[in-house]
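Labels below follow one simple rule: chain letters A, B, ... track the order of the sequence lines, proteins then strands, and each chain is numbered from 1.
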2 protein chains.
Amino acid sequence: MADPWRLSYDRFRPDEERLREALCTLGNGYLATRGAAPEPGSGGYRGSYLAGCYDRLTSTVAGSRTADESMVNVTDWLPWSYSVDGGGWFDLSEVTILSYRQELDLRCGVLTRQLRYRDTAGRTSTVVQRRLVDMADPHRAASSVTLHAEDWSGAVRLRSGLDASVTNSGVDRYAELAGRHLRVLSLAADEDGVLVADTATVQSQVRVVTAATHELLGAPVDRWRAVRDGDRIWWQVDTDLAAGGELTVDKTVTYFTSRDRAICEPREAATGAARRAGGFDAMLPGHVLAWRQLWDGIRTTFGGPPERLRAVRLHTFHLLQTLSPHTADLDVGVPARGLSGEAYRGHVFWDELFVVPTLTAWLPEVARAVLQYRYRRLPAARTAAAGAGHVGAMFPWQSGSDGREQSPTTHLNPRSGRWVDDHSHLAHHVGLAVAFNVWQYHRATGDREFLYRQGAEILVEVARFFASLARYDRSQDRYVIRGVVGPDEFHTRYPGSDRPGIDNNTYTNVMTAWVLRRAGDLLAELPEAPRIELSERLGLGTHEPSRWEQVMRRLAVPMLDNGLLAQFEGYQDLAELDWADYRTRYGNIQRLDRILEAEGGTSTATGRRSRPTC
Amino acid sequence: MADPWRLSYDRFRPDEERLREALCTLGNGYLATRGAAPEPGSGGYRGSYLAGCYDRLTSTVAGSRTADESMVNVTDWLPWSYSVDGGGWFDLSEVTILSYRQELDLRCGVLTRQLRYRDTAGRTSTVVQRRLVDMADPHRAASSVTLHAEDWSGAVRLRSGLDASVTNSGVDRYAELAGRHLRVLSLAADEDGVLVADTATVQSQVRVVTAATHELLGAPVDRWRAVRDGDRIWWQVDTDLAAGGELTVDKTVTYFTSRDRAICEPREAATGAARRAGGFDAMLPGHVLAWRQLWDGIRTTFGGPPERLRAVRLHTFHLLQTLSPHTADLDVGVPARGLSGEAYRGHVFWDELFVVPTLTAWLPEVARAVLQYRYRRLPAARTAAAGAGHVGAMFPWQSGSDGREQSPTTHLNPRSGRWVDDHSHLAHHVGLAVAFNVWQYHRATGDREFLYRQGAEILVEVARFFASLARYDRSQDRYVIRGVVGPDEFHTRYPGSDRPGIDNNTYTNVMTAWVLRRAGDLLAELPEAPRIELSERLGLGTHEPSRWEQVMRRLAVPMLDNGLLAQFEGYQDLAELDWADYRTRYGNIQRLDRILEAEGGTSTATGRRSRPTC
């Protein structure tokens with residue numbers, strides 16, 4: 001029977017490693033590290049990410065230049081290995097695994113990995129690795145790696161370090177994009193053994209400093225050496241290990257950036273915090289307490305099979321690792337894949353629609369922070385709306401550092417080798433989701449201060465945008481919204497049409513009516529002082545609320561003959577696909593958009609978000 | 001009769017210029033610029049400051065090395081001048097002033113300066129300067145400078161630019177300290193005329209980018225030139241001016257730093273914002289509206305003479321310029337001199353005690369932000385308490401970027417030439433002020449979220465510190481607090497004693513009792529869940545509240561024989577100074593501490609905050 005607080009694996013499966021790493025990511029809402037192995041040879045992908053740390057690089061793909069902003073894979077703090085009697089470094093791919101156990105403790109946020117193996121020299125060893133990303137102090141993480149010599153003795157050289165040579169290369173389909181986002185400013189070891197990787201992102205110039213302290217347990221450290229190896233730096237010791245004995249390396253790391261608050265300078269902050277932190281066991285109690293207190297506030301117990309309970313907890317665990325109380329003081333949104341990898345480039349889509357209700361109940365200050373991420377980007381959304389010939393605020397489908405649209409405008413279909421237009425920026429319903437969340441957050445919390453100063457402004461500006469997007473169609477005496485992409489992300493234009501987008505997407509139109517109604521309600525409900533203040537600041541004309549009302553009451557919603565809602569106008573006229581045939585011919589049809597485009601160059605579907613598994 | 005919304009001057013007084021500049025500072029809670037003249041020769045001191053932008057430099061003063069963190073004087077955006085027919089640049093010190101009018105409009109936040117003068121060539125001209133630091137968008141400022149040729153015509157070369165050669169040199173007594181906090185990364189002019197000063201602070205490495213756009217009104221601009229001149233860059237045009245004609249240069253500037261939110265990179269943000277901003281007249285309505293909305297929320301009308309009303313408004317104006325709604329999203333405290341100059345090095349003392357009650361009523365989110373500045377520095381205050389052998393949190397008397405104690409430990413007396421110990425870090429009552437504000441903020445706003453997550457933690461940690469500072473004195477059956485400096489800042493040790501500080505300062509002890517009582521009340525009032533969470537997180541023993549109660553009830557408060565409270569223990573035994581004699585001998589005895597130390601080397605007073613006037 002599954003333990004509902006534990007995700008565990010009993011065999012090493014290289015083909016599953018990347019998925020496991022994503023699922024076993026540890027994070028605290030500021031820093032996250034994929035559940036990758038610290039030793040070489042696992043075939044996995046190490047990645048550590050800082051919430052909101054983006055960098056934009058220009059790449060040339062198939063002759064076309066494209067600039068992409070990505071959440072940066074920062075200095076890797078995991079590397080660890082050892083050698084015996086002057087031999088090669090331990091590499092997982094070169095040994096015979098005798099037993100394997102990997103376990104993610106969801107209650108405590110601790111990842112444990114235990115492997116017993118025989119190396120090519122016939123030595124049997126066990127390695128136990130424990131790891132945490134501190135939920136009590138968001139700048140810290142720690143690991144403890146124990147090497148146990150079962151049937152051998154020898155001179156052991158241990159090393160553990162920081163790798164700043166990392167690139168963003170975790171997603172195969174981004175392989176041709178520029179991925180070197182870190183520039184190494186310096187790698188150094190202080191006299192007392194603190195390793196420092198001082199780096200900066202290439203374009204956004206965010207300084208990212210990682211510091212590490214080490215302790216060797218089980219043997220005296222006569223001397224340690226710092227070994228630099230390209231853009232890696234190692235803390236290295238030589239010692240002896242007798243049969244039956246063991247050596248433990250405790251590593252504590254800290255991450256600070258130039259955007260952090262309450263620091264003088266990130267390098268000083270990182271080294272100081274690393275010196276004060278203590279090792280894994282010193283850090284563990286505060287971390288476990290912080291996790292327990294988080295779980296105490298959240299009810300995840302219900303009837304049903306333990307597998308289902310575990311699944312809910314795993315999702316909750318990842319939500320809390322992406323958006324923790326520490327996130328409340330940052331300037332970040334809800335990235336589509338959390339902080340567990342590089343898919344979607346760490347961009348912020350409309351996923352807050354799904355998590356803000358939960359956050360509002362559990363961690364209202366974090367829900368507010370996610371809405372404030374949008375508020376700070378309201379000027380950018382206004383600029384975007386004006387650029388598109390509209391008023392109000394047009395939030396981007398993909399948002400990153402500064403709130404400009406990060407969706408690509410073209411998209412290389414690897415099946416056809418063709419560049420196709422990407423119309424995903426027409427998924428304007430992201431703004432409706434933001435407005436919806438503003439309203440719900442206020443309704444649930446009663447936080448008037450947020451509503452008066454920021455929330456109302458967002459809601460009104462989104463309402464304005466959709467009111468200006470809606471056009472009156474005399475023929476049907478209805479307001480219509482043309483040229484959008486709806487939540488299905490697949491239907492991006494009509495067959496044979498050059499005009500991007502589809503018309504009167506039901507979800508978009510119904511939500512538009514809802515937002516227009518709420519914006520009107522809000523103005524009616526606001527006390528006089530904030531209402532006047534808001535109206536003056538936004539230059540809100542008295543005719544605007546009545547236009548919202550008018551549009552709201554007469555927005556087109558396409559219906560099928562059988563009385564059901566159509567997904568969008570003309571949906572019923574589209575030819576049905578022979579699904580069985582496509583499944584037979586292609587197997588995986590998740591990226592049907594690419595298949596169709598490759599077949600005939602006339603797909604209606606481009607730019608859809610796929611769902612990568614690592 | 002004084003206009004209660006206007007501060008005005010009708011004569012140019014070089015000896016008063018620095019005081020006027022401080023009083024005429026314009027700011028918006030993010031950026032502030034002293035009311036200094038844009039043209040050369042005024043004898044004033046130009047300074048622009050960004051809230052919370054500090055840098056630490058090491059200086060050698062009288063053979064002793066000292067590291068000081070200062071609020072940085074950033075790129076000066078004011079410079080403007082002109083020349084006629086190839087002559088020298090206009091310099092105020094070289095002309096005969098015929099009339100002068102300077103006016104600060106407190107209601108609108110606009111500074112106007114009008115001067116009519118005759119130059120050495122006998123030309124009569126009038127210059128009108130208007131300036132604002134945008135209260136609607138904290139990154140922006142604008143000026144408009146008009147040159148009117150009364151009785152001459154000629155070829156005019158106008159220039160207006162950015163000066164990144166600035167240093168911190170506004171305070172005479174810091175003259176020997178290192179003052180060059182800015183490093184110029186690049187000075188450039190984009191093709192469309194945007195000037196950019198890209199700089200970084202030397203040690204804290206905060207990138208500060210200033211961008212400027214210019215427009216010439218009154219004459220066609222055939223071409224402009226960018227002229228670099230050391231660490232200055234000028235936008236320069238040549239044109240003709242006829243008698244009776246005028247030329248206006250509009251300048252718009254933007255400031256962005258690497259610590260700003262919702263940006264990709266500060267240079268891109270600054271140049272983009274400058275291009276979008278429009279000139280002075282375009283920016284004015286939003287700025288004036290923002291000020292009107294601020295004033296609308298604040299009642300400053302009362303009976304009494306208009307001078308008194310104006311004084312209250314001037315103070316309020318400066319408070320709002322230092323701590324505006326824009327400050328709520330920053331990480332800054334309340335600097336002792338606001339953002340009007342370099343005195344106190346921009347450090348944060350206990351002045352929030354005086355302004356938080358006002359802010360709580362008017363702008364509660366700003367009051368909370370000021371308390372959050374302290375909350376983020378609670379770890380530093382804990383480290384400081386532990387370093388001093390105590391528990392809890394010891395907030396620093398002078399706080400800057402990272403919350404460590406910024407008070408100097410020695411102090412050069414210019415009168416005696418001697419280095420004397422500076423004990424001002426013993427002014428621990430700053431922590432009592434923080435705790436007091438936490439309590440009052442919650443009582444006034446009912447903000448439970450802040451109280452449960454942050455406020456309670458501050459209050460308990462301050463209570464712990466003072467409970468550990470208090471020692472039981474069996475002889476009087478009282479708890480005593482020895483070795484502090486009280487609010488008067490003058491009495492820092494007893495005559496003839498080597499032990500720093502004085503004992504049982506009445507203010508400190510009474511406020512300690514108050515804080516201990518409130519900490520106990522708070523724990524009793526907190527709902528069970530946050531109380532348990534807090535207690536677990538802080539490892540709060542059940543004995544602690546009872547000890548607080550015990551100390552609170554029996555804290556020594558020294559009384560005089562006449563039943564009045566003594567300022568501190570032994571106050572009544574100090575010799576009375578012959579005040580008249582000192583006033584006669586020294587004139588200004590504001591820095592009596594230095595006089596006494598110079599006379600006999602045994603002053604009780606060191607490290608006191610003086611009150612500079614510019």
Side-chain angles (χ1 to χ4, degrees), chain A residues 52 54-56 69 136-137 201 203-207 257-269 272-273 276 286 289-290 292-293 296-297 325 328-331 364-365 368 372-373 375-380 383 400-404 445 447 449-450 453-454 529 532-533 536-537 539, chain B residues 52 54-56 69 136-137 201 203-207 257-269 272-273 276 286 289-290 292-293 296-297 325 328-331 364-365 368 372-373 375-380 383 400-404 445 447 449-450 453-454 529 532-533 536-537 539:
Chain A
Y54 293 101
D55 188 56
R56 176 194 302 274
E69 187 171 80
D137 181 334
T201 59
Q203 169 271 338
S204 57
Q205 301 193 38
V206 178
R207 191 135 157 260
T257 84
S258 50
R259 292 201 170 159
D260 288 333
R261 300 181 145 195
I263 64 166
C264 179
E265 183 274 313
R267 181 172 181 145
E268 186 187 75
R276 284 190 301 271
L289 175 64
R292 184 167 66 64
Q293 293 194 337
D296 279 352
D329 205 26
L330 305 178
D331 175 37
E365 77 280 19
R368 188 176 56 219
Q372 282 171 325
Y373 166 84
Y375 182 74
R376 293 189 195 97
R377 287 153 184 81
L378 198 51
T383 303
S401 62
D402 61 0
R404 83 179 79 169
T445 61
D447 182 345
E449 188 187 305
F450 173 77
R453 300 236 179 225
Q454 306 181 338
I532 292 177
E533 193 178 304
E536 287 178 345
R537 203 166 63 235
Chain B
Y54 293 101
D55 188 57
R56 176 193 304 273
E69 187 171 78
D137 181 334
T201 58
Q203 170 271 337
S204 57
Q205 300 193 37
V206 178
R207 191 135 156 261
T257 85
S258 50
R259 291 201 171 157
D260 288 333
R261 301 181 146 196
I263 65 167
C264 179
E265 182 274 312
R267 181 173 180 144
E268 186 187 74
R276 283 190 301 272
L289 175 64
R292 184 168 66 64
Q293 292 194 338
D296 279 353
D329 205 26
L330 304 178
D331 175 39
E365 78 279 19
R368 188 177 55 218
Q372 283 172 326
Y373 167 84
Y375 182 74
R376 295 189 193 96
R377 288 153 182 81
L378 198 50
T383 303
S401 62
D402 61 1
R404 83 179 79 168
T445 61
D447 183 345
E449 189 187 303
F450 172 78
R453 300 236 180 225
Q454 307 181 338
I532 292 177
E533 193 179 302
E536 287 178 345
R537 202 166 66 235

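- Interface remark: Asp329(B) contributes backbone and side-chain atoms alike to the contact with chain A (heavy atom separation under 4.5 Å).
- Contacts between Ile263(B) and chain A at a heavy-atom distance below 4.5 Å involve backbone atoms as well as side-chain atoms.
- Ranking Glu365(B), Arg537(B), Gln372(B) against chain A, the residue ahead of the rest is Glu365(B), based on heavy-atom pairs under 4.5 Å.
- Between Glu536(A) and Arg292(B), the closest side-chain pair of non-hydrogen atoms falls below 4.5 Å.
- Look at Arg56(B) and Glu268(A) and you find no salt bridge, because none of the NZ, NE, NH1 or NH2 atoms lies under 4.0 Å from a carboxylate O.
- For the pair Arg259(A) and Glu265(B), the tightest heavy-atom approach, listed with the atom from each and the gap, is NH2-N, 4.5 Å.
- Note on Gln203(B), Arg267(B), Glu69(B): by heavy-atom pairs under 4.5 Å with chain A, the leading option is Gln203(B).
- Of the atoms belonging to Thr383(A), it is side-chain heavy atoms, and not backbone ones, that fall under 4.5 Å from chain B.
- Distance CZ/Arg404(A) to SG/Cys264(B): 5.5 Å, rounded to 0.5 Å.
- Heavy atoms of Arg453(B) lying under 4.5 Å from chain A belong exclusively to its side chain.
- The shortest side-chain heavy-atom distance between Arg368(A) and Glu449(B) falls under the 4.5 Å cut-off.
- Chain A forms more heavy-atom pairs under 4.5 Å with one residue of Thr445(B), Leu330(B), Asp447(B), Asp55(B) than with any other, namely Leu330(B).
- Rounding to the nearest 0.5 angstrom, the gap separating the CG atom in Asp331(A) from the CG atom in Asp260(B) is 10.5 Å.
- For a residue to count as touching a neighbouring chain, one of its non-hydrogen atoms must lie under 4.5 Å from one of that chain's; by this rule Glu533(B) touches chain A with backbone and side chain alike.
- Within the 4.5 angstrom heavy-atom criterion, no atom of Thr257(B) approaches chain A.
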